[in-house]
Amino acid sequence: MAASILRRCWGSLLAQRCRTGDVPVLHNGQTWRRAQASGSIASGRRAGNSPAGERGVAPWVAVVGLEIHAQISSNSKLFSGSQVQFAAPPNSLVSFFDASLPGTLPALNRRCVEAAVMTGLALNCRINKKSLFDRKHYFYADLPAGYQITQQRLPVAVNGSLSYSLCVGGKKNQMVTRTVRIKQIQLEQDSGKSLHDDTRSQTLIDLNRAGVGLMEVVMEPDMSSGEEAAAAVRELQLILQTLGSSQAIMAEGQLRVDANVSVHHPGEAYGVRTEVKNINSARFLARAIDYEIQRQIKELENGQTVMNETRAFDYKHGCTIPMRDKEGKQDYRFMPEPNLPPLILYDTKSLPANMNHQQVVNIDWIRERLPDLPSVKRVKLVEQYGILPEHSVALLNEDGLMEFFQNVVRQTQMNPKKVIGWILNDMLCYLKQHNLTVKESPVSSLLLADLLNLLERGAISSSAAKQVFEELWKGEGKTPLQIVKEKKLELIQDQQEFEQICQAVMEGHQEEVMEIKKGNRKVLNKLIGLVQRTTRGRADPVLVKQILEKRLSQ
Amino acid sequence: MRKSGGVGGMWALRFSRYIRGAPLGGGSHWAGLSLGSRFTQAASGRSDSRQEAAGDPRQRGLVYQNPTWQHVEQRPLPQKKVTVEVLDHLERLALVDFRDWEGVQRLEKAIQFADQLHAVNTEGVEPMDSVLEDRCLYLREDNITEGTCTEELLRNARETVEEYFIAPPGNIPLPKLEERDTFLQVSE
């Protein structure tokens, strides 16, 4: 409490000093380098609005930390045998324990423990061989017990890290890798859902979600922008999906993000932070955080203070608004969960010989069975196919796209470096336009491979190939070859026919021919284009250029 | 049961690890009946009182035959007055109204009763959270075994709409102290 008041004063002090332009410039320290690396947030605003900006004062630096709740993918709940399923009829998946009827006791789901261990290992955490469960008390209708079972004192995994990549630079063409430390991963229960009926002034309670297993992943405040936070969350999402420990579908609330945001000047103490709660959309994650950063900077530059408060992101208006806090400052009254002894995990060394294997979670066994993580998959893609790192990022970003790419490569003679262009530029573009997933694509990997083979063999030009692709997209069941035949898209193979067409084009455009002969080689491209138009893309541009050059020099 | 937070640690109740220390032998966790004797014994600081009181438990079984009691002096214990702020905080957390000074006095007495535990010398003793803490935590297979009992559950509710429970719109907080018609103000 005292600390928060102190911090608040410090915040307003900072703001005052900014206005008088008295802040010492600090050009060292890690925070400063970070700020530079991330393109110095809001430097534009500072330079424009603040008198201090003119004196070359360091820009504001934002500090972002995340708490992410990931719903564990399991058949049954964390402590009860009721089913986990999204969008089931209300209160149809509730056991007596979930409704906290007297006399019921928790029974821990092994699958949930394994999912947390797996996630911890994938995030380079130290797995605690002994972890503890605690009760966190708060009073709300969707938490009928009046407390949540969580892991406050000794969580299942600690001290990890997550590396993620993002594109930086003016043109977003430079890939950088950053790392955020993982403070801990704790197992805990989800709450039920409340539906607020404002007109009748009542709340409808559905306990289907109450007691579903969650992994809370706590990230250290190592990020400095919404973009970084979004990239880190996206990477975490991919890791969880690869592991299968969570489906991590944000739209279904399986991945929920709370962001702690503050701003300060490099080299100075961190500012007062706010918490932006329940950001449940990948699309809005970066925007919500960036809005909050800008809002705090604006407040401070106007001589206001940032309040230590909880805020919500308003999707409609794209801003954060203060949340009506539940009754002032929280007092969760943590206490050890008396019904659950410590959770003991084993490794191969510590495993007792006569232990019932159904009662054992073996860390080494899980580690040996970890699948390739996205980062490893990307490296392998780059090595195996010679594609660029950013291509590998794009391939993994879309569910099933990597497999699609690999299937196409397997079925075509075309160089993977050329295939990737078709996958990322044409295929992905069409999918996005029609809002389809890779699985729903009307063009199968086999059809695309057929098409690319025609192109590779020189049977069609690349512009003709694009036309074929467009036809394939209609999903009428024709093969690329059929479409080529039907639309007469084959390249003109007859040398004589070719020469005649080129001759005709030259005769029809004497002016251009004169230009070229005078030495303006650029006009040649125009002629090539004209030949292409006449042949409706059926001419091989290399051949056209050769013929034209030959004829022009005659 | 160990932590209280809100009331400045006044509730702090520690089961001493001593309870299941060496004398009790392996495999025993339940010393419920003898709790009283343990605490007083520990408080008295005499290490041999156990033997005098109950004999060697290794010979007589796991549970002490005769509980012993020892009076703890009330005087040296910290006499804590419950402040208005703490009362307000407690009322808010519990969403209950202590109503009158009688209720407050009952609370103070309860705190004093629990505070006797402060007299126990626990130096060098690792706190124990639960008598189950050396037991294995049973792990359940991830099977669906229960949960289809909507009707039974909803029967417990005073009010339902379709298959939903009905609750008031959010918590109904107690009004702020100064806006509240409470005895706490006048008696200050």
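Chain letters run A, B, ... following the sequence lines, proteins first, then strands; residues in each count from 1. Just so you know, these numbers use all the heavy atoms, side chains as well, and skip hydrogens, waters and symmetry mates.
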> Applying the side chain to side chain contact (heavy atoms under 4.5 Å, CB included) test to B:Leu137, which of A:Leu340, A:Val113, A:Ile344 qualifies?
Replying inline: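 In the set A:Leu340, A:Val113, A:Ile344, the residue that makes a side chain to side chain contact (heavy atoms under 4.5 Å, CB included) with B:Leu137 is A:Leu340.
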
With only heavy atoms counted, which part of [X] is less than 4.5 Å from chain B, the side chain, the backbone, both or neither?
X        : answer
A:Phe79  : backbone
A:Pro342 : both
A:Ala107 : both
A:Leu78  : backbone

>> Is B:Glu151 close to chain A through its backbone or its side chain, or both, or neither, when contacts mean heavy atoms under 4.5 Å?
In response: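 Looking at B:Glu151, nothing touches chain A.
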
> So which part of B:Glu162 gets closer than 4.5 Å to some heavy atom of chain A, the side chain, the backbone, both or neither?
Replying inline: neither

Quick check: closest heavy atoms across [X] and [Y], and the distance to 0.1 Å?
X        : Y        : value
B:Cys149 : A:Ser95  : SG-CA, 4.5 Å
B:Leu132 : A:Pro338 : CD1-O, 3.9 Å
B:Glu146 : A:Gly81  : OE2-N, 2.8 Å
A:Pro341 : B:Cys136 : CG-O, 4.1 Å
B:Gly147 : A:Ser82  : CA-CB, 3.8 Å

> Within the side chain of B:Asp142, is there an N or O that forms a donor-acceptor pair under 3.5 Å with the backbone of A:Ser76?
Replying inline: yes

Interatomic distance, [X] atom [atom1] to [Y] atom [atom2] [nearest 0.5 angstrom]:
X        : Y        : atom1 : atom2 : answer
A:Asn75  : B:Glu141 : CG    : CD    : 10.5 Å
B:Phe165 : A:Gln202 : CZ    : CD    : 14.5 Å
B:Thr160 : A:Leu204 : OG1   : CG    : 9.5 Å

> Given the options A:Asn91, A:Val84, A:Asp98, which has more heavy-atom pairs under 4.5 Å with chain B than any of the others?
Replying inline: A:Asn91

> Using a cut-off of under 4.5 Å for heavy-atom pairs, which of A:Arg111, A:Gln83, A:Glu337, A:Gln359 has the most such pairs with chain B?
Replying inline: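 Ranked by heavy-atom pairs under 4.5 Å with chain B, first place is A:Gln359.
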
> Between B:Thr150, B:Ile144, B:Leu153, which shows the greatest number of heavy-atom pairs under 4.5 Å with chain A?
Replying inline: B:Ile144

> So, do B:Val161 and A:Arg200 sit near enough that their side-chain heavy atoms are less than 4.5 Å apart?
Replying inline: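 Result no, sub-4.5 Å side-chain heavy-atom pair not found.
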
> So do A:Leu343 and B:Leu139 actually touch side chain to side chain, heavy atoms under 4.5 Å?
Replying inline: yes

